[in-house]
Amino acid sequence: MSKLTLKPLSSSSNTSTDAPSSDSFSNEAISQRRQSALLEGLNPTQREAAEVIHGPVLILAGAGSGKTRVLTFRIAYMIEEGIAPWNILALTFTNKAAGEMQERIGKLVSEERARKIWTGTFHSLFARILRREADALGFSTSFSIYDADDSLSIIRAVMNGLGISQQNFQPTGIRAAISSAKNKMLSWQEYQRNAGSLFEKQTGLIYQEYEKRLQKNNAMDFDDLLLNMIRLFRTKPDVLERYQEQFRYIMIDEYQDTNKAQYEVVNMLARKYRNLCVVGDDAQSIYRWRGADIRNILDFERDYTDAKVVRLEQNYRSTKTILEAANSVINRNERQIKKALWTGNDDGAKIQLLRCRDDREEAELIVKTIKRSTKPLEAHAVLYRTNAQSQALEDALRRENVPYLIVGGVSFYKRKEVKDVLAYLRVIANPQDDENLLRIVNEPPRGLGKTSLEHLQNYAAQRNVTLYEAFRLADTVDVLQKRAQTSAHDFWSMLDRAKAGKDTLRPDELAKSLMVSCGLLKMYEDDGSEEAQDRWNNIQRVLSHLAEYCERNPDASLEQYLQETALISDLDEVKAGGKHVTLMTLHSAKGLEYPVVFIAGLERGLFPMSKSEMSQDEMEEERRLFYVGITRAEEQLYLSHAEKRYRFGELTYPTPSPFLAEIGAELVEHGSTSIQSRFSSGSSVNSAFSQLSQQSSRRVNAPATNNMDNFLRSAKQPAPKEPAPFEDLSNASDDYSQIPDDERKGTIKEGSRVQHEIFGEGTVVRMAGAGESAQVEVQFPSVGRKKLVLRFAKLRVL
DNA sequence: TTTCTCCACTTTTTT
DNA sequence: AGTGGAGAAA
């Protein structure tokens, strides 16, 4: 929420210079007066951006400059002006942003009218349109949408078919190459023509086969949702014209993160009426890696020479301190549109630097700080570079009983059992979908192994029928064993019975009965393990989610539900007003703001994330990401880094992020870390900070020359290349102080006899990992072999 | 043919 | 550290 407040309406008559002087009560005058009232709360520049609703407009909106506010007021203003809501198209970056915008507009005009505006992401909106126009493209309306995982498994299958080794060419790399080609609107033919290296040649072949596969499955991947729109508009001018008429006013948020294909569609749609308004900030472009083309925003003025350009440079969100830090960071980037972002807000508190011994302490410190905070829980957000970092934070929050919400991350929809349920439903909706059919054949196991499936696939290929059809005719496939024939046919008739109910049953009823008849629920029931229980629960969650959906949308079809779930990233979308801390990646934080923000893991290699070599461009993108993170904060910003961190299950000793040195030392002070309290000398925090931020390559064994060196040195852990297993067990964390000395001192190795509190005596069979995550496998006579985390197991060496 | 075990890969970020 | 795939054993 912007902190900008609306002035009271009553003041409108004497303060607004644009107020109509007429006393007439004609419709026009009334509506004009209401408009000025509507736009009253905007500053002159914002107002300009909102008022110019005809012709091309480029809004360069700095972070926190009230961009969303301008957009919502602009649309509300349009509606007040008499523009039909259904002629307005507003494309946002996430579904959530779209929903919020619609809600806010609803409060300004009426909910009823706001609902008629076309809002959504490029992908969700285009999926809707393509569903309607599928025929024209040779798809059926029930086409499936494949996510990145689905794509990957097809690519694997295709590579197997072509005999391309997955060792030499990583499927994920191929997928990225294909996706990037699609984002540049290169067909497989064009790609093959341009292919130079062996990798590109192979990718070209896979691309071709991949496309064939999707077509055959009546499926589109995420990129196709854009590409097929372009194809549709290019081949059917009448369809294009229909949508040009439909979307006479187009607005695009986060324009800096659009790619070439999106740019193309937008230009096609806007060509006729030219009422195109794009909003963006080149400094916040953080999706170049997935094809976003910064040129789209840089070239807008060239493409639309008559474009009105508005710069929003006043920041209403953050304190002077935070904004200054953000500016000093982003100014290190060479490639950017120079902007002068300023704020009238107070200086505010200094930025706190939290220096921690390890990731666990980092998490604890953050949680403690949140608990001490006078602000409500929901005022806090913790941001990090990689999803993996949420684990430690989550643990700490749970230990301290602090409610939290993780945005994104390991999405509910990515869970195996959830994907299985959706796969069943997709096959019912789209029987051509071989991919999803194969996914569910042996879930639960139906005695149809690799060989049987190969026979069926061959049969389908020879007769040029779908795999689904091959299952139906399984009895006539002589190469199949009798048992496999029956099994395959039974499987088919089970699915077909469900399919027959598609038009009579409500989608949720259909799903429920299908889950019973397919045996998936029973499989997890019979298993009885805790994990199976979880999975069973998750299936129930999907079913009740679907039931809820049907309640809300009584006329919705199964296809509609599947389409929406394919494009939603998380079932537990951020619910506004929840009483919880929010955790998310820096990428998902884009567009959000919080009074208190933590950015965790400011370490070289993690943030900025670096692979072997990093180009200037990549570095600048990381820096923009840091800029985005800083500017999420309204009042207080905490930056933290740890000196030990587990990555890939291994202990690493990272140095502080070079980004820290890019913030003026006078803006920062040390938060109370355990390190500081232990070594609190009279040292100046600022010099400590600047020393630290030089990410000194100083060796640990360098001679201490002064107090400062002492300070830095004693806080550092020795950084052996390969920490000996279990070696630092005794000093890894204060928690060990709870364990009596005699219990942890003894050296555990393979073959050791150990005593466990519950399991009794046993023999160590195997050991793995180091430090806190060290594990032992112990053979107990009573309960058999157990894998234990050494840290928790409280083993006594005998 | 299935199931188990081990191995390799993953983690950058997302519609 | 966890997951998914490939290969070997039952």
Side-chain angles (χ1 to χ4, degrees), chain A residues 91-98 120-127 145-149 151-153 156-157 160 166-167 170-173 176 179 182-183 220-226 254 257-259 261-262 285-292 383-392 407-411 413-416 442 445-455 480-481 483-484 487 531 566-570 584-590 601 605-611 614 618 621-622 624-626 628-629 646-651 766 768-770 772-775 787 789:
Chain A
L91 293 169
T92 57
F93 195 71
T94 62
N95 287 305
K96 199 183 100 221
T121 63
F122 278 91
H123 292 86
S124 67
L125 209 92
F126 290 176
I145 298 173
Y146 285 171
D147 67 14
D149 285 340
S151 298
L152 196 60
S153 58
R156 286 210 172 98
N160 283 339
Q166 298 188 22
Q167 254 73 308
Q170 278 190 17
T172 49
S179 172
K182 286 187 167 191
N183 284 329
M220 299 185 194
D221 67 16
F222 277 15
D223 302 318
D224 288 335
L225 295 175
L226 302 176
E254 310 285 9
D257 285 322
T258 52
N259 62 34
Q262 290 166 324
S285 156
I286 53 177
Y287 284 100
R288 258 167 30 106
W289 53 273
R290 75 163 206 221
L383 313 181
Y384 36 77
R385 181 65 234 269
T386 67
N387 280 310
Q389 287 168 261
S390 70
Q391 188 69 55
V407 178
V410 188
S411 163
Y413 287 105
K414 292 228 171 87
R415 306 244 174 96
K416 182 182 179 306
N442 275 312
R446 292 194 174 82
L448 290 169
K450 212 175 141 200
T451 330
S452 310
L453 286 173
E454 249 162 46
H455 289 320
L480 275 186
Q481 290 187 334
R483 259 217 335 249
S487 182
E531 190 200 345
L567 298 170
I568 271 179
S569 42
D570 207 315
M584 66 192 130
T585 62
L586 286 143
H587 281 88
S588 15
K590 194 175 71 162
L606 181 62
F607 190 23
M609 170 76 54
S610 61
K611 295 165 286 180
M614 192 156 51
E618 286 172 308
E621 175 138 323
E622 292 288 313
R624 287 194 295 269
L625 189 57
F626 187 39
V628 167
Y646 282 96
R647 288 188 79 191
F648 312 112
E650 232 174 280
L651 194 57
R766 218 168 56 87
E772 288 186 17
S773 64
Q775 286 186 11
K787 270 191 187 158
V789 176

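Numbers restart at 1 for each chain; the letters A, B, ... are given by sequence-line order, proteins then strands. Note that the structure is a prediction, hence the values are computed from the model and not measured.
At least one donor-acceptor pair under 3.5 Å links the side chain of A/Q389 to the backbone N or O of A/T386. A donor-acceptor pair is defined here as one N or O able to donate and one able to accept, closer than 3.5 Å; such a pair exists between the side chain of A/H587 and the backbone of A/I286.
To the nearest 0.5 Å, atoms CD (A/E621) and CH2 (A/W289) are separated by 8.5 Å. The distance from the CD atom of A/Q262 to the CG atom of A/N183 is 7.5 Å, given to the nearest 0.5 Å.
Taking atom CG of residue A/L625 and atom P of nucleotide B/dT11, one finds them 17 Å apart after rounding to whole Å. At whole-Å resolution of the value, CG in A/D149 and C1' in C/dT3 are 12 Å apart. A/L651 places its CG atom 14 Å from the C1' atom of C/dA1, with the value rounded to the nearest Å. We find that CG of A/D221 is positioned 15 Å from P of B/dT15, with the value rounded to whole Å. As a whole-Å value, the separation of A/N183 CG from B/dT14 C1' is 11 Å. The CZ-C1' distance, from A/F626 to B/dT12, rounds to 17 Å in whole Å. As rounded to whole Å, 15 Å separates atom C1' of B/dT14 from atom CD1 of A/I145. Per the geometry, CE belonging to A/M584 stands 11 Å off P belonging to B/dT14, to the nearest Å.
When each of A/P445 and A/F93 is assigned the nucleotide of DNA chain B bearing its nearest heavy atom, the one mapping closer to the 5' terminus is A/P445. Along DNA chain B, the nucleotide closest to A/F122 and the one closest to A/R647 are compared, and the more 5′ of them pairs with A/R647.
In this structure, A/S588 reaches the sugar-phosphate backbone alone: every heavy-atom distance under 4.0 Å involves primed, P, OP1 or OP2 atoms, never a base. If you check every strand for non-hydrogen atoms under 4.0 Å, A/Q170 touches sugar and phosphate atoms only.
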With side chain to side chain contact (heavy atoms under 4.5 Å, CB included) as the test, would you mind laying out the steps for A/R385 and A/T585 before giving the verdict? CA-CA 5 Å; A/R385 181 65 234 269; A/T585 62; over 6 Å; no

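Considering only side-chain N and O atoms, A/N387 lies nowhere under 4.0 angstrom from the phosphate OP1 or OP2 of B/dT10.
Side-chain proximity of A/M609 to B/dT15, B/dT13, B/dT12: nearest is B/dT12. Distances were taken from every side-chain heavy atom of A/R156 (C-beta onward) to each of B/dT15, C/dG5, B/dT12; the shortest belongs to C/dG5. Out of B/dT11, B/dT15, B/dT14, the shortest distance to the side chain of A/Y287 is found at B/dT14. Of the candidate nucleotides B/dT12, B/dT15, B/dT14, B/dT15 has the atom nearest to the side chain of A/T94.
Stacking between A/W289 and the base of B/dT12 is absent under the criterion of ring centres within 5.5 Å and planes under 30 degrees.
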